[in-house]
Colleague: 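Below is the structure I would like to discuss, written out as structure tokens.
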Amino acid sequence: MKKLFFALCVLLYLASCQKQELNNGTLQRQVEDQAKLTGGRPFEVMLTGAAERPGPGDPDGSGVAMITLNQGQGTIRFDISVSNITLPTVGAHIHIANSNEPGPVVVPLTAPDVTGHSSGEVSVDPDLIKAIRKNPENYYINVHTLPLYAAGAVRGQLSK
């Protein structure tokens with residue numbers, strides 16, 4: 001009986017290690033895991049210069065923004081990584097507008113630093129978070145640089 005119990009414990013331990021390894025396989029899974037722990041709706045947004053409107057954005061620029069909307073806590077957690085743009089950047093925001101238009105800032109985020117990375121958490125009106133969750137395609141994230149691309153170097157639209 002003791003051998004069976006020990007074997008079962010070993011199998012459960014190995015299964016949990018494999019599950020953790022699979023969950024750590026991608027940034028998206030890490031964000032989903034974090035969202036499960038803290039609650040919220042995760043989004044992964046690819047950022048490109050070609051998506052910037054009215055444009056042009058930085059033709060070589062790219063990046064990814066991971067955000068988690070937590071309406072209950074009134075917070076948005078974010079993690080932004082950009083490359084092939086002027087660093088440090090001067091701004092990063094969530095804007096409201098469809099994919100073909102520029103729009104006003106609705107949530108300021110911390111601009112990526114000289115490493116091209118920023119992360120954090122901002123307090124946001126729960127009603128705005130609800131609106132973003134309900135119609136994410138009406139919002140986008142972009143990152144701004146100087147002296148070029150003050151209007152936006154890279155951009156990515158949220159989607160369902």
Side-chain angles (χ1 to χ4, degrees), residues 20 22-160:
Q20 181 178 359
L22 290 173
N23 285 342
N24 290 331
T26 67
L27 187 56
Q28 176 65 30
R29 293 228 171 135
Q30 290 173 359
V31 169
E32 289 172 356
D33 290 346
Q34 181 65 24
K36 288 176 186 173
L37 293 174
T38 62
R41 166 69 161 91
F43 289 90
E44 178 178 20
V45 182
M46 302 310 294
L47 307 171
T48 66
E52 192 60 56
R53 298 291 181 263
D58 189 321
D60 299 321
S62 65
V64 63
M66 305 296 296
I67 64 169
T68 301
L69 308 176
N70 190 314
Q71 184 178 344
Q73 293 180 3
T75 60
I76 296 178
R77 295 185 59 80
F78 64 93
D79 191 291
I80 303 170
S81 294
V82 293
S83 58
N84 299 320
I85 64 174
T86 302
L87 298 173
T89 64
V90 296
H93 311 98
I94 299 175
H95 297 253
I96 183 170
N98 67 43
S99 62
N100 295 316
E101 301 291 328
V105 172
V106 293
V107 180
L109 305 171
T110 303
D113 60 18
V114 296
T115 67
H117 182 258
S118 70
S119 63
E121 181 177 284
V122 292
S123 294
V124 179
D125 184 313
D127 289 336
L128 175 57
I129 293 174
K130 181 178 180 180
I132 297 170
R133 288 180 63 218
K134 188 173 180 179
N135 295 296
E137 65 281 356
N138 292 335
Y139 296 86
Y140 67 92
I141 297 172
N142 75 345
V143 177
H144 307 263
T145 64
L146 289 177
L148 301 174
Y149 312 114
V154 291
R155 170 180 168 157
Q157 203 77 21
L158 277 67
S159 65
K160 289 185 179 183

Colleague: Distance from I94 atom CD1 to L109 atom CG, nearest 0.5 Å?
Modeller: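 CG of L109 is found 5.0 Å from CD1 of I94.
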Colleague: For a quick test of reading the model, state the closest non-hydrogen atom pair linking A65 to I80 and the distance between them.
Modeller: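 So the minimum-distance heavy-atom pair works out to CB-CG1, 4.1 Å.
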Colleague: Minimum heavy-atom separation for T115 and L87, please, with both atom names.
Modeller: C-CD1, 4.2 Å
Colleague: Considering all heavy atoms of both residues, which atom of G61 and which atom of V154 are nearest to each other, and what is their separation?
Modeller: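 The pair with the smallest heavy-atom distance is C-CG1, 3.5 Å.
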Colleague: What's the separation between atom CG in L47 and atom CG in N142, rounded to the nearest 0.5 Å?
Modeller: 8.5 Å
Colleague: Please confirm whether the backbone N or O of Y139 pairs with a side-chain atom of Q157, one donor and one acceptor, at under 3.5 Å?
Modeller: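 Yes: the side chain of Q157 pairs with the backbone of Y139.
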Colleague: Is a side-chain donor or acceptor of T89 paired with a backbone partner of P112 at a separation under 3.5 angstrom?
Modeller: yes
Colleague: Taking all non-hydrogen atoms of both residues, which atom of G74 and which atom of P126 are closest, and how far apart?
Modeller: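 Distance-wise, the nearest heavy atoms are CA-CG, 4.2 Å.
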Colleague: When you measure from the side chain of T75 to the backbone N and O of E121, does any donor-acceptor pair fall under 3.5 Å?
Modeller: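 Side chain of T75 to backbone of E121: no pair is present.
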Colleague: Students often mix this up, so state it plainly: with edges at 30° and 60°, are the rings of Y140 and H95 parallel, tilted or perpendicular?
Modeller: parallel
Colleague: Between the side chains of R53 and E101, is the shortest nitrogen-to-carboxylate-oxygen separation below 4.0 Å, so that they form an ion pair?
Modeller: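 So E101 does not pair with R53 through a salt bridge.
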Colleague: Got I141 and L158 here, is their nearest side-chain heavy-atom distance under 4.5 Å?
Modeller: yes
Colleague: Which heavy-atom pair separates F78 from S118 by the least distance, and what is that distance?
Modeller: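 That closest heavy-atom pairing would be CE1-OG, 3.8 Å.
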Colleague: For side-chain contact (heavy atoms from CB on, under 4.5 Å), just list the numbers for Y149 and T86, CA-CA rounded to whole Å, side-chain angles, deciding distance to a tenth of an Å, and then say yes or no.
Modeller: CA-CA 9 Å; Y149 312 114; T86 302; 5.8 Å; no
Colleague: Start with the C-alpha distance between D79 and H117, add both sets of side-chain angles, then the distance that settles side-chain contact (heavy atoms from CB on, under 4.5 Å), and finish with yes or no.
Modeller: CA-CA 7 Å; D79 191 291; H117 182 258; 3.1 Å; yes
Colleague: If you round to the nearest 0.5 Å, how far is CZ of R155 from NE2 of H144?
Modeller: 10.0 Å
